[in-house]
Amino acid sequence: MSATEWILRRRTIAILLGIFLLLSIISFSSRVYSPSSDIFATDFDAETTSSSDLFPTGTTNEDDVANDEPEAEDLVQVETKPTSEDEFIPKTFDTPSQNIQDMVNKNIMKHKKDKVLLTAVANGGMGNYTLNWIASLERTGLDKKYLVFAIDQELVDIMTEKGYGEHVVQIPQDWFHQKLDSGMAEWLDVHYTPITHSKSLVVERLMYMDITVWFSDVDIVFTSTSIYNYLMMKLDSRKSTEMLFTQETEQKILNSGFYVMRPTITSKRILADSITIQDREPKVTQQRAMNRVIDDMDLNYQNSKVALLDLFLFPHGRMYFERQVPVKYGMNPMMVHANYRIGDKKRESLQAAGLCFDGICRTVALSLCPLIGQYDGIEPVCYSRNVDLGGNLIFQPATLIIDIVAIVMTAIMIYHIRSKYTAVGRKEIVMFFYLYMLCTFMEMLLVTGIIPISSPVYPWFTAIHLGLISATFWCLLLNGFVGFQFAEDGTPLSLWSIRISSFVLFIVVGAIAICTFQNISPFSYSAPGALWVFFFIINGICFLIYVISQIILVVNTLDDRWPLGDILFGTAFFVIGFLLMFVFSVVICDQVKHYVDGLFFGAICTLLAVMMVYKYWDSITKEDLEFSVGSKQNVWEVKELMNDDELSHQSSYHSQTPLNQPPTHNNNNNNNNVTPPPSNLMTPQPYGQQYQQADHPPF
């Protein structure tokens with residue numbers, strides 16, 4: 001190994017290790033705020049925190065619950081006195097429209113004598129949170145029966161466009177007591193209390209339709225598939241129980257963002273009194289009004305009509321995100337409420353915790369999506385339907401066909417590249433196509449379900465797949481510099497620098513991936529930031545540098561400008577495939593009834609982009625192909641014919657010269673002149689003339 005090669009390898013390894021350490025620090029930082037992490041941030045001074053504080057054994061940390069002080073809205077004075085049970089007179093309402101009745105009946109869940117309706121109230125400004133709420137229902141198997149009451153037409157349009165038209169209905173204007181804003185109302189904003197008021201108005205109407213209402217705010221994320229059965233069990237555990245409430249503070253204040261109410265007289269009275277309080281005192285929120293009414297009730301744990309849900313299983317935002325109490329005590333919550341946050345802080349907290357499902361994995365079924373976000377992964381909103389093949393379910397069948405075609409086409413391109421013996425960068429570029437073929441093969445195994453998601457080897461194959469993707473882009477980047485002759489192509493320095501650096505990057509990305517999937521510190525599947533950095537940012541930079549370098553190479557080196565067309569077409573195919581996969585996949589899937597999705601078109605466009613890489617390389621090395629194989633064969637034939645020709649000339653020459661006769665000297669000149677051989681042996685002839693001379697000897 002030469003000194004230059006050794007220095008190059010050391011520098012390459014040092015750079016990649018530096019990138020690895022940097023991404024580890026980034027991932028560690030995001031993991032500190034991840035609720036799924038074993039390492040968590042606390043509100044305490046690190047110097048005064050003991051191990052028993054971090055990992056309690058049977059004792060409760062005082063700061064977790066006892067000091068959970070109520071918010072300002074829960075301390076507002078309420079002047080209106082609630083009615084007593086004897087004074088309350090049930091209301092009467094007109095029969096709702098037929099459309100509302102049909103939508104309600106279509107989404108009713110039956111539990112013994114209860115007709116349960118999972119419902120939410122939101123406006124267009126909360127559209128993204130509503131879609132995220134629905135996504136959590138899909139993940140927990142509750143997406144078949146639910147109904148969203150839309151405050152405005154905007155939310156109806158949003159949900160209908162996304163394919164949820166059977167689960168949304170607009171609230172009639174005569175249900176409201178005041179005009180509501182259609183924007184995103186922030187906590188304690190002037191529009192906040194009227195919107196909370198509308199929630200009680202909708203629930204009250206449903207109560208008089210003899211419906212058990214399971215109400216949820218849309219900034220809540222469902223995390224357990226057992227939540228419905230648990231709530232029904234809790235509701236049936238005591239005969240006196242009529243309603244279930246989540247808690248705002250431990251055993252002190254109830255939270256009105258998530259509850260279950262049976263259509264009893266007591267439930268109707270609580271809603272009626274809370275509505276009256278808000279009508280008379282606009283500054284009072286729905287939660288404060290409800291708590292004021294319930295404060296006057298008998299809450300004896302043996303016969304109370306109200307049962308409280310465990311704060312650790314149904315945590316609010318402060319308990320879950322800041323203090324991370326469920327994780328600290330080894331509990332998996334059934335839902336998470338992103339309250340105690342204003343505006344975009346809700347979304348940021350959900351994203352950091354892996355509970356925001358409107359991202360990339362909600363759009364397209366990438367191989368890593370079943371392994372990140374939550375313990376059971378992230379499922380796309382819409383994906384290609386599967387087929388039964390010999391008793392085995394094959395997912396993404398159309399994509400499978402394209403992958404097979406891509407492997408065959410890549411094999412053909414590799415064959416043609418290897419046939420160009422004297423082409424510049426032949427050995428370097430063929431490595432890129434080998435890596436692309438391996439990537440396609442791994443993708444075929446993973447996204448089609450040939451290797452099931454439940455298989456213990458699935459994470460390892462996915463890690464290999466991600467490593468190969470990064471290595472492929474890196475190899476393409478280095479091939480972009482071969483034409484500049486920084487190292488002579490085909491030499492060990494050129495070849496092994498690409499091989500070693502690509503292999504090192506493959507190992508680094510694969511190691512980060514498997515550590516992320518296995519939740520090995522400092523990486524976490526709930527905060528896979530390092531993987532996304534490689535998948536999008538670093539790979540994208542490699543592709544961009546390759547394109548720019550080839551444009552510079554063509555403009556500054558070649559007289560022919562046609563290869564620029566190959567570069568532009570390849571870039572266009574790559575960008576179009578990216579958009580179809582990560583932006584329009586759900587739209588495509590819905591429009592074609594789940595037969596294909598964005599992954600199918602992404603695979604096609606990626607293949608076309610790779611074919612344009614081959615076309616571009618072939619166009620700038622076209623002359624080598626014309627004279628590589630054929631010219632070598634001609635040279636070999638000429639040498640054989642020239643041997644016979646030389647023998648013929650020697651035989652004729654010696655027949656005219658006496659054997660062992662010395663050359664004739666001219667004594668008149670002091671120069672020794674040797675009799676020259678025949679002129680036709682000294683004059684080079686074209687290949688055709690040589691062949692002709694061989695057939696017709698001149699002597």
Side-chain angles (χ1 to χ4, degrees), residues 35-36 64-65 107-120 132-147 167 203 206 211-251 253-264 267 290 294 299 301-317 319-320 324-339 350 353-355 357 373-377 379:
S36 301
D64 288 339
V65 176
N107 290 283
I108 284 291
M109 295 180 285
K110 298 291 183 66
H111 174 73
K112 296 181 179 180
K113 296 181 180 180
D114 291 304
K115 296 187 296 181
V116 182
L117 178 65
L118 172 58
T119 189
N132 195 61
W133 180 76
I134 294 172
S136 71
L137 298 183
E138 294 173 346
R139 289 165 53 80
T140 53
L142 295 169
D143 57 314
K144 301 298 186 293
K145 303 283 187 178
Y146 66 92
L147 185 60
H167 299 283
V203 175
L206 294 173
I211 292 173
T212 298
V213 178
W214 176 9
F215 181 83
S216 171
D217 282 344
V218 293
D219 61 347
I220 284 175
V221 173
F222 290 72
T223 57
S224 172
T225 57
S226 303
I227 187 171
Y228 173 73
N229 293 329
Y230 177 85
L231 292 174
M232 295 302 103
M233 178 274 295
K234 191 76 173 176
L235 198 62
D236 294 338
S237 59
R238 296 183 311 176
K239 293 182 179 180
S240 60
T241 302
E242 297 179 4
M243 59 198 81
L244 304 174
F245 274 95
T246 52
Q247 303 180 59
E248 189 77 1
T249 61
E250 182 72 19
Q251 304 294 322
I253 300 175
L254 305 182
N255 185 286
S256 63
F258 186 95
Y259 58 85
V260 180
M261 275 190 174
R262 279 177 167 152
T264 63
S267 298
M290 278 191 171
I294 294 175
L299 299 179
Y301 73 93
Q302 292 180 331
N303 53 20
S304 173
K305 296 178 181 180
V306 178
L308 302 182
L309 297 171
D310 194 305
L311 188 57
F312 290 3
L313 293 178
F314 299 84
H316 55 68
M319 187 71 69
Y320 186 78
Q324 302 180 10
V325 172
V327 174
K328 190 182 299 186
Y329 292 92
M331 303 179 71
N332 294 320
M334 291 190 165
M335 69 86 172
V336 175
H337 194 172
N339 56 351
L350 291 172
L355 298 175
F357 307 125
Q374 290 290 294
Y375 67 95
D376 56 350
E379 185 177 295

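Both backbone and side-chain heavy atoms feed into the values below; hydrogens, waters and symmetry mates do not.
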Asker: Ignoring hydrogens, what is the shortest heavy-atom contact between Leu244 and Leu235? Give both atom names and the distance.
Answerer: CG-CD1, 3.8 Å
Asker: Does Phe245 have any ring pair (Phe, Tyr, Trp, His ring centres under 6.0 Å) partners at least two apart in sequence or in another chain, and if so, which?
Answerer: Tyr259
Asker: Working to the nearest 0.5 angstrom, can you tell me the gap between Gln302 CD and Arg238 CZ?
Answerer: 9.0 Å
Asker: Are any side-chain N or O atoms of Asp217 and backbone N or O atoms of Ser256, one a donor and one an acceptor, separated by less than 3.5 Å?
Answerer: no
Asker: One pair to check against side chain to side chain contact (heavy atoms under 4.5 Å, CB included): Val260 and Lys234. What are the steps and the verdict?
Answerer: CA-CA 10 Å; Val260 180; Lys234 191 76 173 176; over 6 Å; no
Asker: Please report the closest heavy-atom contact between Phe312 and Pro333, naming both atoms and the distance.
Answerer: O-CB, 4.0 Å
Asker: Minimum heavy-atom separation for Thr140 to Thr223, with atom names?
Answerer: CG2-C, 3.8 Å
Asker: Check the angle between the aromatic planes of Trp214 and Phe258 and answer parallel, tilted or perpendicular using the 30° and 60° thresholds.
Answerer: perpendicular
Asker: Side chains of Tyr146 and Ser216, heavy atoms from C-beta outward: is any pair under 4.5 Å?
Answerer: no
Asker: If I take atom CZ from residue Phe215 and atom OG1 from residue Thr246, how far apart are they, to the nearest 0.5 angstrom?
Answerer: 10.5 Å
Asker: Which heavy-atom pair separates Leu254 from Ile294 by the least distance, and what is that distance?
Answerer: CD1-CD1, 3.3 Å
Asker: Closest approach of Ile220 and Ser136, non-hydrogen atoms and distance?
Answerer: O-OG, 4.4 Å
Asker: In terms of relative ring orientation, are His111 and Tyr228 parallel, tilted or perpendicular, with 30° and 60° separating the classes?
Answerer: perpendicular
Asker: Are any non-hydrogen side-chain atoms of Leu309 and Leu231 less than 4.5 angstrom apart?
Answerer: yes
Asker: Hey, are the side chains of Glu242 and Met261 touching, using non-hydrogen atoms and a 4.5 Å cut-off?
Answerer: no
Asker: Are any non-hydrogen side-chain atoms of Ile227 and Leu142 less than 4.5 angstrom apart?
Answerer: yes
Asker: Would Leu118 and Leu137 satisfy side chain to side chain contact (heavy atoms under 4.5 Å, CB included), going step by step from the backbone distance to the final call?
Answerer: CA-CA 10 Å; Leu118 172 58; Leu137 298 183; 3.8 Å; yes
Asker: Atom NE2 of His167 and atom NZ of Lys145: how far apart are they, to the nearest 0.5 Å?
Answerer: 8.5 Å
Asker: Can you tell me how far OG1 of Thr249 sits from CE of Met319, rounded to the nearest 0.5 angstrom?
Answerer: 9.0 Å
Asker: Please evaluate residues Val213 and Leu117 with respect to the criterion side chain to side chain contact (heavy atoms under 4.5 Å, CB included), reporting the C-alpha separation (whole Å), side-chain torsions for both, the decisive distance (0.1 Å), and the verdict.
Answerer: CA-CA 5 Å; Val213 178; Leu117 178 65; 5.7 Å; no
Asker: Out of Glu248, His316, Gln247, which one pairs with Asn255 under the side-chain hydrogen bond (donor to acceptor under 3.5 Å, both in side chains) rule?
Answerer: Glu248
Asker: Does Met331 form a side chain to side chain contact (heavy atoms under 4.5 Å, CB included) with Leu313? I'd like the steps, not just the answer.
Answerer: CA-CA 7 Å; Met331 303 179 71; Leu313 293 178; 3.8 Å; yes
Asker: Out of curiosity, Leu308 CG to Glu250 CD, how far, rounded to the nearest 0.5 Å?
Answerer: 8.5 Å
Asker: So, for Met243 and Ser267, which heavy atoms are closest and what is the spacing to 0.1 Å?
Answerer: CE-OG, 3.3 Å
Asker: Does Asp236 have any salt bridge (charged side-chain N to carboxylate O under 4.0 Å, His left out) partners at least two apart in sequence or in another chain, and if so, which?
Answerer: Lys112, Arg262
Asker: Once you round to the nearest 0.5 Å, how far does CG of Leu147 lie from CG of Asn107?
Answerer: 5.0 Å
